[in-house]
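Worksheet for the structure shown next.
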Amino acid sequence: MSPAGEVGRAKGMDETVAEFIKRTLLKIPMTEMMTILKAWDFLSENQLQTVNFRNRKESLAQDLVLLCEENCISLDDAALLEIIYTQFHRHQKVWDVFQMTKEPGEDTDLSDMEQFKSSFKKILQRALKNVTVTFRDAEENAVWIRIAWGTQYRKPNQYKPIYAVYYSQTPYAFISSSRLRSNIPLLGQALTVASKHHRIMKMDLRSQYLDSLKTIVFKQYNQTFETHNSTASLQEGRLGLDINVDPRIIHENRVEKDRVQRVTQEIFGDYAQPRLEFAQYKLETKFKSDLNRGILAEREEPLRCLVKFSSPHLLEALKSLAPAGIADAPLSPLLTCIPSKGMNYFKIKDK
């Protein structure tokens, strides 16, 4: 039993755990409360039946806290509830993708997930006295890791955790963005050693949509996303245009429309696109001129420019530009290569 559980038996629930569990419960929307509590599986069916879920949220949370106290809840149990809540609301975080590598010629080491968890936790606890690490297994051999950081003199801050999602037997991990950047190298070291790799590198790929990031790095574009069917939308748009076409339309326009449709499908495919909300391009170039004069010609520093494309669903928006007549087909490779390169941050420099 954890130390927090022992305190719960001796003196009632630890006040820190009680406040943490209450705050977590208050974050959960009422429409999801029962679903998340059942996924948590800490309170029995009989206990849940004693709770009036029509009460005001504050009263409901207090009733649930009392039931948790009866079950001698530990800090780890409470952290597990927050993991489940975060899994339901993963789009509320911004996720960075990290790629790990092995030494050239090194064989894949098939370590199991339990061994990975044990090694990961030991590495963090040896390096930092006050740290809380909680795991929850998920689908596709993935494990969600919640880390609450402390310092040598302060207990872990349970309200500012960082999350990592690691897929077993792959070189990829997804880490939630955090202001506590000083701990990222330690987290990267723990992931690298526990998964038996040698190096870890942050990719130029970031989004709120964890499932789409996973699909991009695993090259699973033809699977279903949390989006509408893009093929249908393109076809519907085309049908709508055809209905309103002037019967005197010239043949060249129809041929061009078919070409745009064909080129768009060749580039983007006939499946829903991964969901990203932006792409950013940084340009660095030196001023070039045939005339050896002027202020810019003497400038040693390169000219810098930043361009950012934003949309609730950027790749679907780009896919629709040419069929809508807003852009020529094909689009620039800098825009269409995002999924294949696994990047939405680009640095463009002189060759």
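Keep in mind that this is a model prediction, so the values were computed, not measured.
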Note to self: Evaluate Glu19 against Lys22 for salt bridge (charged side-chain N to carboxylate O under 4.0 Å, His left out), listing each step before the verdict.
What the structure shows: CA-CA 5 Å; Glu19 181 63 22; Lys22 183 180 178 181; 5.4 Å; no

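- Between Asn46 and Thr50, the shortest heavy-atom distance links the atoms O-CG2, 3.3 Å.
- If you take OG1 on Thr134 and CG on Leu75, they are separated by 6.5 Å, rounding to the nearest 0.5 Å.
- Taking 4.5 Å as the limit, some side-chain heavy atom of Ile175 sits within range of a side-chain heavy atom of Leu191.
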I'd like to know whether Ile145 forms a side chain to side chain contact (heavy atoms under 4.5 Å, CB included) with Val133, so could you lay out the CA-CA distance, the side-chain angles of the two residues, the decisive distance to 0.1 Å, and finally the verdict. CA-CA 7 Å; Ile145 312 166; Val133 183; 4.0 Å; yes

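- Contact annotation: the side chain of Arg199 approaches that of Glu103 to within less than 4.5 Å [non-hydrogen atoms, C-beta and beyond].
- Formation of a donor-acceptor pair under 3.5 Å by the Thr24 side chain with backbone atoms of Phe20 is found in this model.
- The shortest distance between side-chain heavy atoms of Asn183 and Ile162 does not fall below 4.5 Å.
- Under the 4.0 Å criterion applied to side-chain N and carboxylate O atoms, Asp204 and Lys341 are not assigned as salt-bridge partners.
- For residues 122-132, the side chain to side chain donor-acceptor pair (under 3.5 Å) pairs, not counting sequence neighbours, are Thr132-Gln158.
- In plain terms, the two heavy atoms of Ala327 and Leu331 that are nearest each other are CB-CD2, 3.7 Å.
- A distance below 6.0 Å separates the ring centres of Tyr172 and Phe218.
- Counted within 6.0 Å of NZ on Lys57, heavy atoms from surrounding residues, nucleotides or ligands total more than 12; the atom is thus considered enclosed.
- Linking ILVMFWY side-chain heavy atoms closer than 4.5 Å, directly or via other members, places Ile123 and Leu187 in two distinct hydrophobic clusters.
- A donor-acceptor contact shorter than 3.5 Å is absent between the side chain of Gln273 and the backbone of Glu316.
- Pro339 approaches Leu315 most closely through the heavy-atom pair CG-CD1, 3.8 Å.
- When all heavy atoms of Leu210 and Val165 are compared, the closest pair comes out as CD2-CG2, 4.1 Å.
- When the options Gln280, Met203, Lys202 are evaluated for a side chain to side chain contact (heavy atoms under 4.5 Å, CB included) with Tyr345, the one that passes is Gln280.
- Using a 4.5 Å cut-off between side-chain heavy atoms of Ile, Leu, Val, Met, Phe, Trp and Tyr, with links allowed through other members, Val193 and Leu124 fall into different hydrophobic clusters.
- Between the side chains of Thr86 and Tyr163, at least one donor-acceptor pair of N or O atoms lies under 3.5 Å.
- Between the side chain of Lys214 and the backbone N or O of Tyr167 there is no donor-acceptor pair closer than 3.5 Å.
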Walk me through it: do Gln47 and Phe42 pass the test side chain to side chain contact (heavy atoms under 4.5 Å, CB included)?
-> CA-CA 10 Å; Gln47 285 178 310; Phe42 181 75; over 6 Å; no

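- The closest donor-acceptor contact from the side chain of Trp40 to the backbone of Asp77 lies under 3.5 Å.
- Residues Leu43 and Asn71 are in side-chain contact: their nearest non-hydrogen atoms beyond the backbone lie under 4.5 Å apart.
- Using a distance-only test at 3.5 Å, with no hydrogens or angles considered, no donor-acceptor pair links the side chain of Ser59 to the main chain of Asn55.
- Taking NE2 of His198 as the reference point, atom NZ of Lys102 lies at 6.5 Å (rounded to 0.5 Å).
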Under the side chain to side chain contact (heavy atoms under 4.5 Å, CB included) criterion, do Gln62 and Leu25 qualify, and how do the steps go? CA-CA 9 Å; Gln62 193 57 48; Leu25 289 166; over 6 Å; no

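- No donor-acceptor contact under 3.5 angstrom links the side chains of Glu277 and Asn344, judged on distance only.
- Met34 and Phe88 fall within the same hydrophobic cluster, defined by Ile, Leu, Val, Met, Phe, Trp and Tyr side-chain heavy atoms under 4.5 Å apart, directly or through other members.
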query = Between Glu82 and Lys27, is a salt bridge (charged side-chain N to carboxylate O under 4.0 Å, His left out) present by the stated rule, with each step listed?
reply = CA-CA 9 Å; Glu82 203 207 39; Lys27 288 193 298 186; 3.3 Å; yes

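- Phe278 and Leu334 are members of different hydrophobic clusters when ILVMFWY side chains are connected at heavy-atom separations under 4.5 Å.
- Using a 4.5 Å heavy-atom cutoff, the side chains of Val51 and Phe53 are in contact.
- Residues satisfying the side-chain hydrogen bond (donor to acceptor under 3.5 Å, both in side chains) criterion with Asp137, sequence neighbours excluded, are Lys117.
- By the rule that hydrophobic residues join a cluster once side-chain heavy atoms approach within less than 4.5 Å of another member, Leu64 and Met30 end up as members of one cluster.
- Between Phe120 and Tyr166, the distance from one ring center to the other does not fall under 6.0 angstrom.
- Note that CG of Leu314 and NZ of Lys308 are 11.0 Å apart. Values are rounded to the nearest 0.5 Å.
- Aromatic ring pairs are classed by plane angle as parallel below 30°, tilted from 30° to 60° and perpendicular above 60°; the pair Tyr281 and Phe346 is parallel.
- Glu284 places none of its side-chain heavy atoms less than 4.5 Å from the side chain of Glu301.
- A distance of 16.0 Å separates CZ in Arg254 from CZ in Arg259, rounded to the nearest 0.5 Å.
- Arg54 CZ: 12 or fewer foreign heavy atoms inside a 6.0 Å radius.
- For the pair Pro29/His89, a side-chain contact is recorded, criterion being any heavy-atom separation below 4.5 Å from C-beta on.
- Nearest heavy-atom pair across Ala127 and Leu186 is CB-CD1, 3.6 Å.
- For the pair Gln261 (side chain) and Pro323 (backbone), a donor-acceptor distance under 3.5 Å is absent.
- At a cut-off of 3.5 Å, with distance as the only test, a side-chain donor of Thr16 or Asp14 sits close to an acceptor on the other residue.
- Remark: aromatic rings of Phe135 and Phe116 are distant, center separation not under 6.0 Å.
- Going from atom CE of Met100 over to atom OG of Ser195 covers 3.5 Å, rounded to the nearest 0.5 Å.
- Here the OG-CH2 distance, from Ser212 to Trp95, works out to 13.5 Å after rounding to the nearest 0.5 Å.
- Residues Gln87 and Arg136 bring a donor and an acceptor atom of their side chains to less than 3.5 Å of each other.
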Side chain to side chain contact (heavy atoms under 4.5 Å, CB included) assessment of Lys160 paired with Trp149:
CA-CA 8 Å; Lys160 293 184 179 179; Trp149 303 102; over 6 Å; no

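- Side-chain contact between Asp96 and Ser177 is present, with heavy atoms from C-beta onward closer than 4.5 Å.
- The minimum heavy-atom distance between Ala317 and Ser311, with the atom names listed, is CB-OG, 3.7 Å.
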